[in-house]
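Structure, as structure tokens:
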Amino acid sequence: MATDTLKSTPGASGASGGLRRLLLDNGALTALIILVIAMSALSGDFLTTDNLLNIGVQAAVTAILAFGVTFVIVSAGIDLSVGSVAALSATVLAWSATSEGVPVWIAVILAIATGIACGLVNGVLISYGKLPPFIATLAMLSVGRGLSLVISQGSPIAFPESVSHLGDTLGGWLPVPVLVMIVMGLITALILGRTYIGRSMYAIGGNEEAARLSGLRVKKQKLVIYALSGLFAAAAGIVLASRLSSAQPQAAQGYELDAIAAVVIGGASLAGGTGKASGTLIGALILAVLRNGLNLLSVSAFWQQVVIGVVIALAVLLDTVRRKAGATPVTAGAGGSSGLKGPQAIKYGLAVVLVAAIVGGLSLFNNGSSSSNPKVGLSLSTLNNPFFVQIKEGAQAEAKKLGADLTVTDAQNDASQQANQLQNFTSEGVDSIIVNPVDSDAAGPSVRSANKSDIPVVGVDRGVNKAETAALVASDNVEGGKLGAKALAEKLGGKGKIVILQGLAGTSASRERGAGFAEGLKAYPGIDVVAKQPADFDRTKGLDVMTNLLQAHPDVQGVFAENDEMALGAVKALGSKAGKSVQVIGFDGTPDGLKAVKEGTMYASVAQQPKELGRIAVENALRAADDKEVEKTVKVPVKVVTAKNVDEFTG
């Protein structure tokens, strides 16, 4: 029966052979050490206690998910559903404990049971339904995410205070998520190395048919394997929601890929039969170190994806090289040394001392060199939208004018990724932080951490709840929604059928704009909203959703989209109807939106002034950093831009 370790075949001897075995058989650990040294050399803010703890916290959720995925991959399976199952489990906990009044301990059990149930469904579909693991878990990915949105109605749900302590620290410095990660890692190692089900995983992954002929009940074992994956996903979801003080229905999107990447980087083979808990932990730490270090170095989030993709590819190549080099599996219970022999232990000890000396020296060197310019961190909810790109451009222009160093990060509409970025800014010791929250509640814990470090925080476009901000520079989304309702209703003469294209579920911008529009429509009872559908602030989705809605409502006369990108997608779907028989109103006043207004295909856009938002945010952030007085709320006016005044609008 195969186990989770590999041992090189004899043949290589001497120092070169030992070094070769060290590099090939411990590639992930070697890569982690090199990464730590490189990041320490490149950034003086990397090797600090606070930042290293941040890395641990940021690795925790991915590592816990990856521990569960390790069971699946060792048995030659795959689980693409863990991110959605994590979000669903956290949503069930928050919903049952708050909306339904269920005691918290029962809500926790329900959340864990939800994760196990999802895993069991995966196992049944794979073992008894004969579905490929890829298809079965892909289906669960969609089902889990959909149920999370249904239960939460697309909005974050506040997490119970007693469970939120999982996102806190012990003794004011030791993060609880790190402790949970360590405990789950030990449980994983115990299951893989010391239990019957663990040995079964390796046997099934090594050769499923041979395992069946040996008497293993493979189908039942797979049920347990996928149930364990679901259990670990539920635990990860609870930890993630605790960090954010809220259950986000869109949380953990894409985390399944990070989890699989961590397992593969850690030395497991997608072909099954190999893998171990320590390797998975190292893989998760490599991803966390990469993201943390690249953030500190102000590398674009888009390039971060490229770098991480390259790392994953290299990890798979290393696995291939290792196998071609003659590495063979060690059989369970095989003889041989279980530890390090004297000379080998001395080599490892010297290597550790050498690395520590290099890292320590680099840390001292970097601590002595720093820029004299004030440092400002700007975390934007996304840079995949022209509106936020313009905020960035306005902020960069003002920072350059005032002689400040501005670091811009992209949260990619992921509240947990934004929490990581804000923590990185805090540990880096920037002079001030500007945040455009993915979600106002989820940003609270990270902003409170900055408050404790006496770093002033300025909100831009959206506020932060349950935390202290020096200023909020924003347009009024609710008022903008009301203006949009009034403009559309008056254009239609106070009566007609309209549809609403909603933004990304759970985001405060979508909630506020939608609420303002609904409030504004109350004055026009003749307006009938025949459909409301989310298109996630995306032009392509706006096109697809509007195309579908036209099939059911061909007589629609108006469209309100919660941003210009969706409005432009709707214009494309409407074709010749846009601006003639169907009036379209967007929101944001982006260059493409204003161009469509000028051409007449869009009737209007509720225009904010994003560059002005960015400029004023930087100005206030620097004033706050100098302990100068700033206004608590700075309102940048919104206006309805039509063909009549589009030439006057400067954005």
Side-chain angles (χ1 to χ4, degrees), residues 152-158 246 380-382 385 387-388 390-391 413 415 435-444 458-467 469 471-491 498-525 527 529 532-537 558-567 584-590 593 603-610 612-613 616-617 631-642 649 651:
S152 67
Q153 295 297 302
S155 298
I157 305 175
S246 62
L380 290 167
S381 57
T382 180
N385 182 311
F387 175 77
F388 298 106
Q390 288 184 82
I391 289 181
N413 280 322
V435 58
N436 162 238
V438 173
D439 178 76
S440 299
D441 290 320
V458 172
V460 61
D461 190 46
R462 306 164 190 164
V464 179
N465 296 337
K466 299 178 182 178
T469 53
L472 169 62
V473 181
S475 304
D476 192 333
N477 280 320
V478 175
E479 181 62 25
K482 292 179 182 178
L483 290 175
K486 180 181 179 181
L488 183 57
E490 290 181 350
K491 180 65 176 176
I498 68 169
V499 300
I500 298 173
L501 298 183
Q502 300 168 307
L504 191 66
T507 58
S508 54
S510 179
R511 294 199 304 270
E512 292 166 3
R513 294 174 184 186
F517 189 81
E519 183 68 25
L521 278 187
K522 290 180 180 179
Y524 303 93
I527 299 294
V529 179
K532 291 192 292 186
Q533 287 293 324
D536 299 345
F537 292 134
V559 178
F560 174 69
E562 291 177 358
N563 82 338
D564 282 347
E565 286 295 290
M566 294 187 295
V584 181
I585 288 187
F587 206 117
D588 284 342
T590 63
Y603 168 61
S605 177
V606 181
Q608 304 183 81
Q609 302 182 65
E612 190 70 1
L613 287 173
I616 296 174
E631 292 184 39
K632 269 293 185 182
T633 304
V634 181
K635 286 292 184 182
V636 178
V638 296
K639 58 181 79 174
V640 176
V641 180
T642 65
F649 187 73

Considering residues, nucleotides and ligands other than Lys635, do more than 12 of their heavy atoms fall under 6.0 Å from its NZ?
yes
Using side-chain heavy atoms (C-beta onward) and a distance below 4.5 Å, is Gln502 in contact with Gln533?
no
Between Val464 and Ala467, the two heavy atoms sitting closest are CG1-CB, 3.9 Å
Do Glu562 and Met566 come close enough that some side-chain heavy atom pair is under 4.5 Å?
yes
Restricting to non-hydrogen atoms, name the atom on Ala604 and the atom on Val640 that form the minimum distance, rounded to 0.1 Å.
CB-CG1, 3.9 Å
For the atom pair CD (Glu512) and CD (Glu479), what is the distance rounded to the nearest 0.5 Å?
12.5 Å
Report yes if the side chains of Arg511 and Pro156 come closer than 4.5 Å at any heavy-atom pair, otherwise no.
yes
State, with a plain yes or no, whether a side-chain heavy atom of Thr382 is found less than 4.5 Å away from one of Phe388.
yes
How far does CD1 of Ile157 sit from OG of Ser152, to the nearest 0.5 angstrom?
5.5 Å
Can you see which heavy atom on Val641 is nearest to which on Ala607, and at what distance?
CG2-CB, 3.5 Å
Would Val529 and Val499 satisfy side-chain contact (heavy atoms from CB on, under 4.5 Å), going step by step from the backbone distance to the final call?
CA-CA 6 Å; Val529 179; Val499 300; over 6 Å; no
Rounding to 0.5 Å, atoms OG (Ser605) and CD1 (Ile585) come to a distance of 9.0 Å
When you measure from the side chain of Gln608 to the backbone N and O of Val638, does any donor-acceptor pair fall under 3.5 Å?
no
Using the test salt bridge (Lys or Arg N to Asp or Glu O under 4.0 Å), find all partners of Asp476 that sit at least two apart in sequence or belong to another chain.
none
Less than 4.5 Å apart, side chain to side chain, heavy atoms only: is that true for Ser510 and Leu504?
no
Given side chains that start at C-beta, do those of Phe517 and Ile498 come closer than 4.5 Å, heavy atoms only?
yes
Side chains of Val458 and Val473: closer than 4.5 Å at any heavy-atom pair?
yes
I'd like to know if the side chain of Asp441 pairs up with that of Ser246 as donor and acceptor (distance under 3.5 Å, no hydrogens or angles considered).
no
For the side chain of Asn436 and the backbone of Val460, is there at least one donor-acceptor N/O pair under 3.5 Å apart?
yes
Gap separating the CG atom of Leu380 from the CG atom of Asp461, nearest 0.5 angstrom:
9.5 Å
Which residues share a side-chain contact (heavy atoms from CB on, under 4.5 Å) with Ala489, sequence neighbours left out:
Tyr524, Ile527
Where does the angle between the aromatic ring planes of Phe587 and Phe560 fall among parallel (under 30°), tilted (30 to 60°) and perpendicular (over 60°)?
perpendicular
Sequence-distant partners of Ala509, side-chain contact (heavy atoms from CB on, under 4.5 Å), two or more places apart
Arg462, Asn477, Arg513, Phe537
So, the side chain of Thr469 versus the backbone of Leu472: is there a donor-acceptor pair under 3.5 Å, distance only?
no
If you look at every heavy atom in Gly484 and Val606, which pair is closest and at what distance?
CA-CG2, 3.8 Å
Of all heavy-atom pairs linking Ser475 and Val636, the shortest is OG-O, 3.5 Å
Sole candidate of Asp564, Leu613, Asn563 that passes side chain to side chain contact (heavy atoms under 4.5 Å, CB included) when paired with Phe387
Leu613
Over all heavy atoms of both residues, which pair between Gly586 and Ala567 is shortest? Give the atoms and the distance, please.
CA-CB, 3.8 Å
Thr590 vs Gln390, side-chain contact (heavy atoms from CB on, under 4.5 Å): CA-CA, chis, key distance, verdict
CA-CA 8 Å; Thr590 63; Gln390 288 184 82; 4.2 Å; yes
